2 protein chains.
Amino acid sequence: MRDNNEMPGHLARRFQQIAVAVFLAEVEEAGFDLTPVQYAALSAIRTNPGIDQVTLAGLIAYDRTTITGVVDRLVQKALLVRHASSRDRRARELQITEAGKRTLRAITPAVEAAQRTMLRGLTEKEGAELMRLLRKATAAGNALSRAPLRDAELR
Amino acid sequence: MRDNNEMPGHLARRFQQIAVAVFLAEVEEAGFDLTPVQYAALSAIRTNPGIDQVTLAGLIAYDRTTITGVVDRLVQKALLVRHASSRDRRARELQITEAGKRTLRAITPAVEAAQRTMLRGLTEKEGAELMRLLRKATAAGNALSRAPLRDAELR
DNA sequence: TACTGATAATCAGCATGCTGAGCAATATCG
DNA sequence: CGATATTGCTCAGCATGCTGATTATCAGTA
């Protein structure tokens, strides 16, 4: 039996665990209170104003039931507004607020710093190679999770 | 602003998301109901009978407060027993049951298959390189999370 | 021995993430 | 047009994971 610490699954969880901890630490140090999901959602909504929740979920590869709660909390923080779509009364259109835009701009350096911190220990070349391999592996396994990454244009 | 999908943090979460989905699918197909954490804990306890919860948490890099619930559920499933230590009345000694050992043996092929599935899309060499880079990155970032990996002998 | 600090475990509370179900609205097809 | 299927969203329920606090116990020291 292979040692648990040598399994890809364990290493994946461990790297993700460190990545989240680093993200939250950098963001808090910068004076903000935003989780990785919340950041990803806010960022995607800024790029795609008026997007509905299902499309948003696909863009950042989150489950749609998870997005409901995430959007709730972003609305609570007044970084987003959510209102019914006029074309499809089932859908909710998401718009970033001015406060949301300000937060995104102000938080970006901390987010970038976090990305560097989580790769510390790797050389520049190794970091790039890790990214390439993760992109390749996640592309191949995309359909295996309930929340695959989806291109907005393909919808 | 860098696209979210190009950030190490996003790729880390995505790979972990796929890894968990693959693990659960393979394990369920084999007729078992065990999560990745539960498997890791059970496996570590078999190797270290009588281990206490804090040491267990360190061995598999989980937060001690998370382990409480995980152990609860494993005891519930009769795969573990938990009883007070005689030397230290604060600590609980964990022992794997016969049913736990049988489950571990029977589930191993599914777990190994899951590890291969989550690396599908990568060549043999790329898979090994990904593992090496993840090991290096997690070793460098080990202390950054609240639940660092800890060697049992160092305690 | 009494005091002080550290440690093992648990708990409350919050935020992800998932499965599966349900509701309302829309799209499709006979 | 009307039945049926599909879609957007939400909810209940469960399991991770985390922060911070509390309780019981142990260890070291004045």
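What you see is a predicted model; the values in this text were computed from it and never measured.
Not one side-chain nitrogen or oxygen of Arg92(B) sits closer than 4.0 Å to the OP1 or OP2 atom of dA8(C). Between Arg14(B) and dG17(C) there is no side-chain polar atom (N or O) within less than 4.0 angstrom of OP1 or OP2. At dT7(C), none of the side-chain N or O atoms of Arg64(B) fall inside 4.0 Å of OP1 or OP2 (strictly under the cut-off). Of the side-chain N and O atoms in Gln16(B), none sit less than 4.0 angstrom from OP1 or OP2 of dG17(C). Contact check, Thr35(B) against dT16(D): a side-chain N or O comes under 4.0 Å of OP1 or OP2. Considering only side-chain N and O atoms, Thr68(B) lies under 4.0 angstrom from the phosphate OP1 or OP2 of dT10(C). OP1 and OP2 of dT16(C) both lie 4.0 Å or more from every side-chain N or O belonging to Tyr62(A).
Nearest-nucleotide positions on DNA chain C place Arg82(B) closer to the 5' end than the other of Arg82(B) and Ser86(A). Both Gln53(A) and Arg13(A) lie near DNA chain D, and the one whose nearest nucleotide falls closer to the 5' end is Gln53(A). Nearer to the 5' terminus of DNA chain D, by closest-nucleotide assignment, is the contact made by Lys77(B) (compared with the other of Lys77(B) and Ala147(B)).
You won't find any donor-acceptor pair under 3.5 Å spanning the side chain of Arg89(B) and the base of dT25(D), going by distance alone.
Residues Leu56(A) and Val71(A) come closest through the heavy atom pair CD2-CG2, 4.3 Å.
Side-chain atoms of Gln38(B) do not come within 3.5 Å of backbone N or O of Leu74(B) as any donor-acceptor pair.
As judged by a 4.0 angstrom heavy-atom cut-off over every strand, Val70(B) is placed among residues touching the sugar-phosphate backbone only.
Distances were taken from every side-chain heavy atom of Ala91(A) (C-beta onward) to each of dT16(D), dG8(D), dT7(C); the shortest belongs to dG8(D). Taking every side-chain heavy atom of Thr66(B) into account, dG17(D) is the closest of dA8(C), dA15(D), dG17(D).
Taking a cutoff of 4.0 Å between a charged side-chain nitrogen and a carboxylate oxygen, Arg116(B) and Glu26(B) do not qualify as a salt bridge.
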Assess the residue pair Ser85(B) and Asp88(B) against the criterion (side-chain hydrogen bond (donor to acceptor under 3.5 Å, both in side chains)); give the C-alpha distance rounded to whole Å, side-chain angles, the decisive distance to 0.1 Å, and a yes or no. CA-CA 5 Å; Ser85(B) 163; Asp88(B) 185 340; over 6 Å; no

